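A quick write-up on the structure given underneath.
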Amino acid sequence: MKLKALNGFKDILPAEAIGWQQIEYLSRDIFQRFGYKEIRLPIMEETELFARSIGQATDIVEKEMYTFPDKGITLRPEATASLLRAFIEHNMHVQQPVTRLYTFGPMFRHERPQKGRLRQFHQLDAEIIGADEPLVDAEMMAMGQLLLTELGLEASLEINSLGCPSCRPAFREKLVAYLQKFEVQFCSDCRRRTQTNPLRVLDCKNPRCRELVQNAPSILHSLCPDCKDHFELVQDAMNNLEVAYSVNRFMVRGLDYYTRTTFEFIAGNLGAQSAVGAGGRYDGLIKDLGGPELSGIGFAMGIERLVLLMQEKKNSEQCQPAATDIYVAALGDDATRYASVLVHSLRKNGIKAAMDYSGRSLKAQMKLAGRLNSRFALILGDQELENEEAILRNMKKQDQQNISLQGGPADLVKILEISNI
RNA sequence: GUGGGAGUAGCUCAGCUGGUGGUAGCACCUGGUUGUGGCCCAGGAGGUCGUGGGUUCAAGUCCCAUCUCUCACCCCA
């Protein structure tokens with residue numbers, strides 16, 4: 001039997017890993033600029049944590065989690081719940097009034113895989129805990145947009161407010177009343193959603209449902225005064241920061257804990273998926289999980305989706321392997337042994353050196369040097385070994401000179417430094 | 001959970017209405033240069049045509065089953 005990766009689980013091969021490294025490097029840099037600290041979290045938690053935070057009735061909890069029932073534990077389907085659990089467990093709120101944290105890592109959901117959607121997927125996640133000012137919401141969205149921009153990606157930002165426990169139930173009732181009035185005209189999925197999750201009807205893809213929903217009551221007209229003010233101030237702040245956005249009153253969230261500001265970064269070329277990142281405010285969640293009464297806001301970006309967008313964007317930029325400083329081509333057993341010591345010395349001195357141990361022809365070794373994008377080749381045969389010298393070839397300029405090895409590796413390091421390595 | 005599409009060399013794929021598996025491209029190895037890379041030329045290696053049945057004188061090709069991948073629905077980053 002041929003062994004292979006599980007469906008929905010992917011190997012990230014070296015060529016693709018370069019893009020991942022760019023994303024990780026750049027996002028760390030941006031998070032650091034905004035005052036975030038990294039937190040690293042376990043990938044398993046008690047099942048109850050996710051049931052309580054994401055929502056017992058959501059699809060994620062109901063049918064998509066990888067759970068070990070006998071142990072009561074689950075592979076995390078998202079990052080926020082774990083992060084807040086750790087925040088509460090370690091009383092992190094006593095150290096400072098506002099905490100900014102970020103984390104990276106794999107998430108697991110048992111869905112059918114398709115473009116931009118895997119069973120093990122990776123997110124980078126940022127959260128601000130302990131502040132509910134509209135300026136905080138704006139800062140966070142502006143940071144997300146900056147991250148995408150610096151990655152060379154274009155995404156539009158859509159925002160909405162989902163209200164709070166004091167105004168959302170009333171909206172929900174109004175919406176359900178409207179949906180029931182036109183029930184026969186909605187698709188079968190939406191008729192089901194009217195019962196299970198009426199807000200979901202608002203972002204149905206069916207054209208007929210989209211039309212019907214245009215005249216549905218708007219959440220933005222049902223917000224309580226506090227939520228209304230908050231959302232208006234968020235928009236003011238976004239305008240002041242000059243971050244483009246559009247209000248989309250049909251945007252909903254798949255996780256129950258969201259309140260007030262929610263947002264999505266929308267990009268094309270993700271297959272049926274459109275969001276490369278999404279997030280929102282969750283003001284009651286920390287208390288619900290047994291923590292202090294603190295508000296919070298956060299977002300996650302799908303790393304695979306970022307990679308997809310980056311591949312679309314610059315497919316011309318081939319992933320060249322990083323250049324090698326020097327390739328040592330040895331001919332014969334004695335020279336190979338000598339070269340192995342030399343190469344190790346070079347590496348200890350910070351030089352990226354490569355060689356082959358299998359006694360290939362000089363031609364084959366030069367070919368390898370070329371493929372590794374080597375700046376220099378050092379040719380070392382028995383003749384050279386006898387005289388304690390070697391041929392140093394500049395691969396780009398195609399010229400070469402004899403150099404002495406009597407000074408040992410230190411001399412060679414100096415020569416390479418002079419040669420601008 | 002539901003539907004569509006696809007499985008031929010390491011990768012990307014030809015292979016028409018059944019008639020010997022492709023000088024195909026990329027990659028790999030060797031040689032052209034007894035010790036000098038990229039370009040070029042010549043040669044070479046590499047495949048149970050996803051698997052199992054069936055129809056047929058003959059199946060990569062047609063039929064059935066099955067596995068896998070993929071796209072989409074659902075849902076979501």
Side-chain angles (χ1 to χ4, degrees), chain A residues 1-10 13 15 54 57-65 77-80 104-126 144 155 187-190 192-193 196-197 200 203-206 251-255 263-267 270-280 298-309 324 327 329-332 335 358 360-384 390-396 398-400:
Chain A
M1 190 182 94
K2 204 173 173 183
L3 295 171
K4 57 201 296 281
L6 293 169
N7 190 17
F9 290 70
K10 277 263 178 311
L13 300 178
I54 297 167
T58 57
D59 277 27
I60 294 177
V61 171
E62 256 181 4
K63 44 193 181 191
E64 294 175 358
M65 296 206 302
E78 61 115 29
T80 303
F104 291 91
M107 311 294 157
F108 303 85
R109 292 181 201 172
H110 189 93
E111 307 174 271
R112 282 291 279 274
Q114 65 186 64
K115 188 171 184 184
R117 207 178 71 180
L118 293 164
R119 288 180 171 172
Q120 178 182 333
F121 60 103
H122 297 75
Q123 290 185 335
L124 53 94
D125 185 81
C187 71
S188 56
D189 279 329
C190 282
R192 174 177 54 75
R193 288 180 185 121
T196 58
N197 190 354
R200 271 276 157 224
D203 75 348
C204 182
K205 285 176 183 170
N206 183 312
M251 189 178 79
V252 297
R253 306 275 65 202
L255 289 69
F263 54 96
E264 282 183 10
F265 294 100
I266 306 289
L270 289 175
Q273 275 61 237
S274 59
V276 64
F299 72 80
M301 297 221 182
I303 299 183
E304 282 86 353
R305 292 185 183 179
L306 290 170
V307 170
L308 270 177
L309 293 171
T324 298
Y327 186 94
L331 298 163
S358 63
R360 291 168 196 274
S361 67
L362 180 58
K363 178 177 175 162
Q365 294 194 63
M366 292 304 287
K367 221 172 162 178
L368 287 171
R371 196 189 309 158
L372 292 171
N373 198 12
S374 233
R375 280 179 266 211
F376 289 90
L378 189 77
I379 299 165
L380 192 58
D382 288 338
Q383 295 160 33
E384 286 79 14
I391 300 166
L392 182 66
R393 176 177 175 81
N394 184 321
M395 301 290 280
K396 304 255 157 65
Q398 301 201 41
D399 64 5
Q400 56 192 44

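The structure displayed is predicted, hence computed values, not measured ones.
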Out of [options], which has the shortest distance to the side chain of [X]?
X        : options                : result
A:Lys367 : B:rC69, B:rG35, B:rC29 : B:rC29
A:Gln123 : B:rC73, B:rA77, B:rG32 : B:rA77
A:Arg112 : B:rC28, B:rA77, B:rU70 : B:rU70
A:Arg193 : B:rC75, B:rA77, B:rC29 : B:rC75
A:Leu362 : B:rC75, B:rA72, B:rU36 : B:rU36
A:Arg371 : B:rU36, B:rU70, B:rC28 : B:rC28
A:Asn7   : B:rA77, B:rC69, B:rG37 : B:rC69

Dot-bracket, RNA chain B: Watson-Crick or G-U, under 3.5 angstrom, [ ] crossing, | other strand? (((((((..((((.....[..).))).(((((.......))))).....(((((..]....))))))))))))....
Donor-acceptor pair under 3.5 Å: do we get one between [X]'s side chain and the base of [N]?
X        : N      : value
A:Gln383 : B:rG35 : yes
A:Gln400 : B:rU36 : yes
A:Arg393 : B:rG37 : yes
A:Glu64  : B:rG1  : no
A:Lys396 : B:rG38 : no
A:Gln398 : B:rG38 : yes

What's the [atom1]-[atom2] distance between [X] and [N], to the nearest Å?
X        : N      : atom1 : atom2 : result
A:Lys115 : B:rC73 : NZ    : C1'   : 17 Å
A:Ile60  : B:rC75 : CD1   : C1'   : 8 Å
A:His110 : B:rG1  : NE2   : C1'   : 10 Å
A:Phe9   : B:rC69 : CZ    : P     : 11 Å
A:Tyr327 : B:rG38 : OH    : C1'   : 15 Å
A:Lys4   : B:rC69 : NZ    : C1'   : 7 Å
A:Lys363 : B:rG32 : NZ    : P     : 7 Å
A:Leu331 : B:rU34 : CG    : C1'   : 12 Å

Between A:Glu78 and A:Ile60, does the side-chain contact (heavy atoms from CB on, under 4.5 Å) criterion hold? Intermediate values first, please. CA-CA 10 Å; A:Glu78 61 115 29; A:Ile60 294 177; over 6 Å; no
Quote, to the nearest angstrom, the [atom1] distance that separates [N] from [M].
N      : M      : atom1 : answer
B:rC26 : B:rG21 : P     : 26 Å
B:rC49 : B:rU8  : P     : 11 Å
B:rG7  : B:rG52 : C1'   : 16 Å
B:rU17 : B:rC28 : P     : 37 Å
B:rU23 : B:rG44 : C1'   : 14 Å
B:rA45 : B:rA9  : C1'   : 11 Å
B:rC57 : B:rG18 : C1'   : 12 Å
B:rU33 : B:rA27 : C1'   : 24 Å

Polar side-chain atom of A:Arg375 near backbone of A:Lys396 as donor-acceptor pair, under 3.5 Å: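 No, the answer is negative, given that no donor and acceptor are paired below the 3.5 Å cut-off.
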So, does A:Gln365 use its side chain to make a donor-acceptor pair with the main chain of A:Ala330 at under 3.5 Å?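 A pair under 3.5 Å: yes.
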Distance check: side-chain N/O of A:Gln114 vs OP1/OP2 of B:rA72, anything under 4.0 Å?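 Checking B:rA72 against A:Gln114, a side-chain N or O does come within under 4.0 Å of OP1 or OP2.
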Find out whether [X] and [Y] are in side-chain contact, i.e. whether some heavy atom of one side chain is under 4.5 Å from a heavy atom of the other.
X        : Y        : value
A:Gln120 : A:Leu6   : no
A:Asp125 : A:Phe104 : no
A:Leu124 : A:Leu306 : yes
A:Ile54  : A:Pro77  : yes

Hey, mind stepping through A:His110 and A:Phe108 against side-chain contact (heavy atoms from CB on, under 4.5 Å) and telling me if it holds? CA-CA 7 Å; A:His110 189 93; A:Phe108 303 85; over 6 Å; no
With a non-hydrogen cut-off below 4.0 angstrom, is [X] in contact with a base, only sugar-phosphate, or nothing?
X        : answer
A:Leu118 : base
A:Ala275 : sugar-phosphate
A:Arg192 : sugar-phosphate
A:Ile391 : base
A:Glu62  : nothing
A:Gly279 : nothing

Of A:Leu270 and A:Leu6, the one whose closest RNA chain B nucleotide lies more 5':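 Looking at the nearest nucleotide for each, A:Leu6 comes out on the 5' side.
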Taking for each residue the nucleotide of RNA chain B with the nearest heavy atom, is it A:Met395 or A:Ser361 whose nucleotide lies nearer the 5' end?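 The residue closer to the strand's 5' end, by nearest nucleotide, is A:Ser361.
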Test side-chain contact (heavy atoms from CB on, under 4.5 Å) applied to A:Asp382 - qualifying residues, sequence neighbours left out: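 Counting only residues at least two positions away or on another chain, A:Asp382 forms a side-chain contact (heavy atoms from CB on, under 4.5 Å) with A:Asp334, A:Ala335.
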How far apart are the C-alpha atoms of A:Gln398 and A:Arg393, what are their side-chain angles, what is the distance that settles it, and do they pass the side-chain contact (heavy atoms from CB on, under 4.5 Å) test? CA-CA 7 Å; A:Gln398 301 201 41; A:Arg393 176 177 175 81; 4.0 Å; yes
Please walk me through it: do A:Leu255 and A:Thr58 pass side-chain contact (heavy atoms from CB on, under 4.5 Å)? CA-CA 7 Å; A:Leu255 289 69; A:Thr58 57; 5.7 Å; no
